[in-house]
Number of protein chains: 2
Amino acid sequence: MSQNQILQSLIADNLVSDPNGARGRLLTEAARLFREKGYERTTVRDLAAAVGIQSGSLFHHFRTKEEILKAVMVETIRLNTALMQAALEAAESNRAKLRGLIRAELESINGQTGEAMAVLVFEWRSLSASSQAEVLELRDIYEKLWLDVLESLKGEGALEAEPFVVRRMLTGALSWTVTWYKPERGGLTLDGLTDQVMAMMALESS
Amino acid sequence: MSQNQILQSLIADNLVSDPNGARGRLLTEAARLFREKGYERTTVRDLAAAVGIQSGSLFHHFRTKEEILKAVMVETIRLNTALMQAALEAAESNRAKLRGLIRAELESINGQTGEAMAVLVFEWRSLSASSQAEVLELRDIYEKLWLDVLESLKGEGALEAEPFVVRRMLTGALSWTVTWYKPERGGLTLDGLTDQVMAMMALESS
DNA sequence: ATTTACAAACCAAGCGCTTGCTTGGTATTG
DNA sequence: CAATACCAAGCAAGCGCTTGGTTTGTAAAT
């Protein structure tokens, strides 16, 4: 299943908003602004202007500003969980599965959904405690996909370190790429970057 | 030279503020608050209350709120650069040097200066462009220490991936520990965590 | 030893502005 | 002819920062 097919099926199930619809467009712009300026520095007037409406009109679609942030995060996790599952299904060996997960996460972070992913990482504290708990639940499903593969690799002897530590190190390392990786410059492609990560862990398929 | 000696010498040179002085105490509290609630959510009234003065009195010590954030960052980088240099001098082989750097950075992130380090990572965007440039200059010195060691390791054949990519991955991975590593729980010590990082890179000294 | 001088540190009050959000009413759409 | 989407206006609260004046610490002058 292609990335786009996955997105379409999630839209059909009403799990993520159509980026062409009013709600989806707002969420896309919100992710862009939240990433660019941070959640707190982005005003409801900024958000409204970005989609060409008055600030008060926002509150027809969302009850509070925070609800917008939460929606960005929730939809992003849903999409990514689906993308990761697809990546796993496409791979045979555990090594290939790990590569698929890394590649998919790098794509999420540095591709079209990158802004939303960066928001997920950097604006976490701006969520209220109750929203955090809600989002965390979704995240656990997502994290389990990684742990299963890493544990299998450890069982095979391909990995020395503890799976849960490795996953957390990878979370940090991959998220951080958003601050420095620029595909257009320097010629390092996403595949090349994935290779580098595997090489760093001495897990190249060669 | 012990950590404390390094700190004392920096204080003597007026490169970082004495944590017992008025300015130093404010910066410590500022780091704590900025990390806990984020820079934007922390008001000058919060900062003033944390050190027991009126909000207006803050502006005797700093011209703007942003200047406080910048001071936290600048002093943190200065201290860390000194700590890294000491870690390098204490090690013989390149492998041991890398381990020393990782160990020192983990200690910075998860030890007493951890709050300030987290601020450095997560509040970067809240700095004005000109302040960012200033801080970046200091950071370059710090980063060169890492690159030199990683390049030597690559020369030895102990490392496959590109040094500058590895450093960036490590930056992310190590910074991220601040969000999950809790020394008191689970029994993973800082040394144990350092071992895990080395193991993940297949660089254990064993 | 007391006085004088002065700067640094601080307080009390509040100004001007921006913020998230509300309200009451008007287009637009199926 | 509802329901949905929107606008115009503005409120209450909170923000960073300023102001004018008082206390405190220090050290030379008497």
Can you tell if the side chain of [X] reaches within under 4.5 Å of the side chain of [Y], non-hydrogen atoms only?
X	Y	result
A/Leu88	A/Trp146	no
B/Arg168	A/Thr177	no
A/Leu83	A/Thr113	no

- Note on the structure: Quick note, salt bridge (charged side-chain N to carboxylate O under 4.0 Å, His left out) partners involving residues 193-202 of chain A, not counting sequence neighbours, are A/Arg99-A/Asp195

- Item | Test side chain to side chain donor-acceptor pair (under 3.5 Å) applied to B/Glu36 - qualifying residues, sequence neighbours left out | none

- Query: Does A/Ser57 make a side-chain N or O approach to OP1 or OP2 of D/dC7 shorter than 4.0 Å?
  - Reply: yes

- Item | Where at least one partner belongs to residues 117-126 of chain A, residue pairs that pass side-chain hydrogen bond (donor to acceptor under 3.5 Å, both in side chains), sequence neighbours excluded | A/Glu40-A/Ser126, A/Glu123-B/Arg125, A/Arg125-B/Glu123

- Query: With sequence neighbours left out, which residue pairs that include part of residues 44-56 of chain B fulfil the side-chain hydrogen bond (donor to acceptor under 3.5 Å, both in side chains) condition?
  - Reply: B/Lys37-B/Asp46, B/Thr43-B/Asp46

- Run the salt-bridge test on B/Asp148 and B/Lys144 with the 4.0 Å N-O cut-off and return the result as yes or no. yes

- Note on the structure: Sequence neighbours excluded, the answer for salt bridge (charged side-chain N to carboxylate O under 4.0 Å, His left out) partners of B/Glu160 is none

- With sequence neighbours excluded, tell me which residues meet salt bridge (charged side-chain N to carboxylate O under 4.0 Å, His left out) with A/Lys65. none

- Message: So if I take residues 35-47 of chain A and measure heavy-atom distances to DNA chain C, which residues fall below 4.0 Å?
- Response: A/Thr42, A/Thr43, A/Val44, A/Arg45

- Query: Which of residues 61-76 of chain A have a heavy atom under 4.0 Å from DNA chain C?
  - Reply: A/Thr64, A/Lys65

- B/Gln54 CD to D/dT23 P: how many Å, rounded? 15 Å

- Task: Identify, between A/Ala22 and B/His60, the residue whose nearest nucleotide on DNA chain D lies closer to the 5' end.
- Result: A/Ala22

- Task: Carefully, step by step, assess A/Gln3 and A/Glu107 under the rule side-chain hydrogen bond (donor to acceptor under 3.5 Å, both in side chains).
- Result: CA-CA 11 Å; A/Gln3 274 198 54; A/Glu107 181 134 2; 2.9 Å; yes

- Pairing residues for B/Phe122 by the ring-ring contact (aromatic ring centres under 6.0 Å, His included) criterion, not counting sequence neighbours: A/Phe122

- Item | Positional range of nucleotides in DNA chain C within the contact set of chain A, heavy-atom, under 4.0 Å | C/dT19 to C/dT22

- Tell me the ring-ring contact (aromatic ring centres under 6.0 Å, His included) pairs involving residues 19-50 of chain B, sequence neighbours left out? B/Phe34-B/Tyr39

- Task: Using five base pairs at each end, measure the axis-to-axis angle across the helix from C/dT2-D/dA29 to C/dG30-D/dC1 and round it to 10 degrees.
- Result: 20°

